[in-house]
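Protein chains get the first letters and strands the later ones, always in sequence-line order, with residue 1 at the start of each. On a predicted model such as this, the values are computed, not experimentally measured, just so you know.
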Amino acid sequence: MSGNTSPIWLFDCRIGALAPAELYDEILPDHLADTELLWKPIKDRRRQQHRHWDWRAKLADAAGYLFYQGFAVVAEGKTQGLMMVDRSKTARIPVQQGKDLVYIAFLETAPWNLGQQRLYRGVGTALLAAAIQCSLDDGFRGRIGLHSLPQSEDFYRKCSMTEFDRDPDYEDLIYFEMSESRAAEFMREIGS
Amino acid sequence: MAKRTVTLNLSDRELEVLDELCAKRDLTKTALLKQALRLYQAVNVRLERGERLTFENLATHEKSELVVL
């Protein structure tokens, strides 16, 4: 694999300790191959809500647009999570309404990192932190937003994101947003 | 991602507009120009696909096309 990487830590549930991982600031062909060869069979078997997600197609749709950026988390040579962000959206929380933010269009962790028997913990948090860092780097002061699948709503509530009503313009999914101040707190809490 | 610094030559009026937009959008000059570039590129990609850029007045539903040369 190539691409720009940053070292991060995930919690390896098998040994009960932190383990090294890498955050990529783009999605590479090897990451896509992992989603097709390793993730998809497990997702199909478990009938997950997002089992139809096709990262190759998502990446093709976003190709060439500067608004979009992909991220990947890799550990033990395998893709542990992917995220695609979109910088064309604006904030909804009244204190930051209309200001640019980093919108998380898609975020997915490897199927073996979900449920009681998961291998790694912290992939979603690492990707959320990457989105906040992207927002800071782009001058958006940490503002991020997203529509959550029902299975992930509790995760975003635990991150203390501001919760809006179900969005009739977006498949009735709940919209969550993180304010600048909450983003700063979140980064302190996770030690970034 | 490697970054490079470029010098930008703007007229007083252009700089004034840039400052106004930065204040309005709560962005630095660099951040605003990056967003402007992303938007301009996205518009160009869509126009090259044969699509049109239109605005709609939410009150009257009147639509007008923005012609990008």
Item to check | side-chain contact (heavy atoms from CB on, under 4.5 Å) partners for B/Leu39, two or more places apart | outcome: A/Phe67, B/Val43

Next on the checklist: For B/Ala31 versus A/Gly139, what's the shortest heavy-atom pair and its separation?
Outcome noted: CB-CA, 4.1 Å

Checklist entry - Going only through I, L, V, M, F, W and Y residues with side-chain contacts under 4.5 Å, is there a path from A/Phe11 to A/Met187? => result no

Checklist entry - CG of B/Asp12: more than 12 outside heavy atoms within 6.0 angstrom? => result no

Would you mind checking chain B against chain A for donor-acceptor pairs under 3.5 Å and listing them?
from, atom 1, to, atom 2, distance (Å)
B/Arg25, NE, A/Asp100, OD1, 3.4
B/Arg25, NH2, A/Asp100, OD1, 3.2
B/Arg25, NH2, A/Asp100, OD2, 3.3
B/Asp26, OD1, A/Arg141, NE, 3.2
B/Asp26, OD1, A/Arg141, NH2, 2.9
B/Asp26, OD2, A/Lys99, NZ, 3.4
B/Asp26, OD2, A/Arg141, NE, 3.0
B/Gln35, NE2, A/Arg87, O, 2.8
B/Gln35, NE2, A/Asp100, OD2, 2.9
B/Arg38, NH2, A/Asp138, OD1, 2.7
B/Gln41, OE1, A/Leu66, N, 2.7
B/Gln41, NE2, A/Gly64, O, 2.2
B/Arg49, NH2, A/Tyr65, OH, 2.7

Item to check | Contacts of B/Thr54 that satisfy side-chain hydrogen bond (donor to acceptor under 3.5 Å, both in side chains) - sequence neighbours left out | outcome: none

Next on the checklist: Starting from A/Val102, can I reach A/Leu59 by hopping between I/L/V/M/F/W/Y residues whose side chains sit under 4.5 Å apart?
Outcome noted: yes

Checklist outcome for this item: Contacts satisfying ring-ring contact (aromatic ring centres under 6.0 Å, His included) that involve residues 12-35 of chain B (not counting sequence neighbours) are none

